[in-house]
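In what follows, residues are counted from 1 in the order of the sequence shown.
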Amino acid sequence: MWKWLHPYAKPERAYQLCVTLQPYFLWPGILCLVIGSIWGLAFAPQDYQQGDSFRIIYIHVPSAILSMSTYTAMAVAALVGIVWQWRTAFMAMIAMAPIGAVVTFIALFTGAAWGKPMWGAWWVWDARLTSELILLFLYLGVIALYGAFEDKQQAGKAAGVMALVGVVNVPIIHYSVEWWNTLHQGATISKFDKPSIAPEMLWPLLIALLGLALFIAAVTVMRMKNEIIRREYHRPWVKALAAQALGDNHAV
């Protein structure tokens, strides 16, 4: 099942894949983000209880969902790196970590901004909020641990173990509103049989979610390209790539 992935264990093939995928992620992601955000923030109807305050959902919910999804993807990359000893898997893991941290921070910040008018407080030690804050610390821990080692293969293994241990927090975040009595509202769009949101509000939210997912994927492959070049700068194919880039600049 994994045979089709084996060629991308080589940094050169992984770099070429990143170059190929980047435009397919970047431009559709930007387009969906613009459409979903404008539609949701400007044209979706008001919520009958929250008024226009609910519109922060078009930023908060995609960032909250993708903070968990990005961490899960990072943990999968860590597992592949540890089990099959793929350097490129560790590169993908560390490429995702800062992006996930930023998205998690956005989720926490927008959640606080939404909580102030709804709950009367910027922050409460709610189960969902607290576990999301722990997720931010896990991202920062993976980044710090990776940076603490000179040997980046060992750094990847150490940070990968931390990422795998921390993945247990993802289902805690997701099910916290069901397991504990919390202030945070329950599921909004994951109940596909009967979503807790009107269709005219749901569609821009789904488009914004898709856009942010594609944008995260685009930035991940950009960062992975940089990580591969940084780690493989002494390889002939990287030197040839640099010489080609210099030649193109001189031609311009």
Measure up the W84 and W86 rings against each other and bin them: parallel (under 30°), tilted (30 to 60°), perpendicular (over 60°). tilted

Rounded to the nearest 0.5 angstrom, the CG-CD1 distance for L129 and I173 is 10.5 Å

Qualifying residues under side chain to side chain donor-acceptor pair (under 3.5 Å), relative to E200, sequence neighbours excluded: none

Give a yes or no on whether W27 atom CH2 has more than 12 heavy-atom contacts from other residues, nucleotides or ligands under 6.0 Å away. no

Rounding to 0.5 Å, atoms CG (L66) and CD1 (I99) come to a distance of 11.5 Å

Return the minimal non-hydrogen interatomic distance between K225 and C18, and the atom names on each side. CG-CB, 3.4 Å

Looking only at atom types and distance, does a side-chain atom of R128 sit under 3.5 Å from a main-chain N or O of H174, one as donor and one as acceptor? yes

Could you walk me through whether I57 and M201 pass the side chain to side chain contact (heavy atoms under 4.5 Å, CB included) check? CA-CA 10 Å; I57 196 175; M201 298 177 178; over 6 Å; no

Atom CH2 of W39: over 12 foreign heavy atoms under 6.0 Å: yes

Give a yes or no on whether I30 and L212 share a hydrophobic cluster (residues Ile, Leu, Val, Met, Phe, Trp, Tyr; joining criterion: side-chain heavy atoms under 4.5 Å apart). yes

Got a donor-acceptor contact below 3.5 angstrom from the Y139 side chain to the V103 backbone? no

How close do A77 and A92 get, counting heavy atoms only, and between which atoms? CB-CB, 4.4 Å

Just so I know, are the side chains of Q16 and V19 near enough to count as touching, which here means a heavy-atom distance under 4.5 Å? no

If hydrophobic clusters are built from ILVMFWY residues whose side chains come within less than 4.5 Å, do L31 and M222 share one? yes

Measuring from atom CG of N169 to atom OG1 of T72, what distance do you get when rounded to the nearest 0.5 angstrom? 10.0 Å

I'd like to know if R87 and E232 make a salt bridge, using a cut-off of under 4.0 Å between side-chain N and carboxylate O. yes

Any heavy-atom pair between the side chains of T88 and M224 that's under 4.5 Å? yes

Locate the shortest heavy-atom distance separating A113 from I56; write the atom from each residue and the value. CB-CD1, 3.8 Å

Counting distance only, does the side-chain N/O of Y71 pair as donor-acceptor with the main-chain N or O of A163 below 3.5 Å? yes

Hey, what do you get for CD1 (I172) to CD (E132), rounding to the nearest 0.5 Å? 12.5 Å

With distance as the sole test, does Y58 use its side chain to make a donor-acceptor pair with the main-chain N or O of G36 at under 3.5 Å? no

Please give me the minimum heavy-atom distance between A75 and V167, naming the atom from each residue. CB-CG2, 3.9 Å

I'd like to check Y15 versus I229 (side-chain heavy atoms, cut-off strictly below 4.5 Å). Are they in contact? yes

For the pair K152 (side chain) and Y146 (backbone), establish whether a donor and an acceptor sit closer than 3.5 Å, ignoring hydrogens and angles. yes

Linking Ile, Leu, Val, Met, Phe, Trp and Tyr by side-chain heavy atoms under 4.5 Å, what else ends up with I59? V102, I106

Give a yes or no answer on whether the side chain of S63 reaches the backbone of H60 with a donor-acceptor pair at less than 3.5 Å. yes

Only one of L136, I134, L133, T70 clears side-chain contact (heavy atoms from CB on, under 4.5 Å) with T104; which? L136

Check the hydrophobic clustering (I, L, V, M, F, W, Y; side-chain heavy atoms under 4.5 Å; chains of links allowed) and say if L206 and V34 are grouped together. yes

With K157 via side-chain contact (heavy atoms from CB on, under 4.5 Å) - residues at least two apart: Q85, F90, Q153, Q154

With clusters defined by side-chain heavy atoms of hydrophobic residues (ILVMFWY) lying less than 4.5 Å apart, directly or transitively, does V83 cluster with V80? yes

I'd like to know if M91 and L79 are part of one continuous hydrophobic network [Ile/Leu/Val/Met/Phe/Trp/Tyr, side-chain heavy atoms within less than 4.5 Å]. no

Is there a side-chain contact between R235 and P11 (heavy atoms, below 4.5 Å)? no

Nearest heavy-atom approach of L145 to A158 is CD2-O, 3.3 Å

side-chain contact (heavy atoms from CB on, under 4.5 Å) with L209: which of V61, L33, L214, I65? I65

Please round to the nearest 0.5 Å and tell me the distance separating atom OG of S67 and atom CG of L138. 11.5 Å

Check whether any side-chain N or O of R223 sits under 3.5 Å from a backbone N or O of A97 as a donor-acceptor pair, and report yes or no. no

Sidechain-backbone polar pair: T130 side chain, A127 backbone, donor-acceptor under 3.5 Å: no

Identify the heavy atoms of I94 and I143 that sit nearest to each other, and give their distance. CD1-CA, 4.2 Å

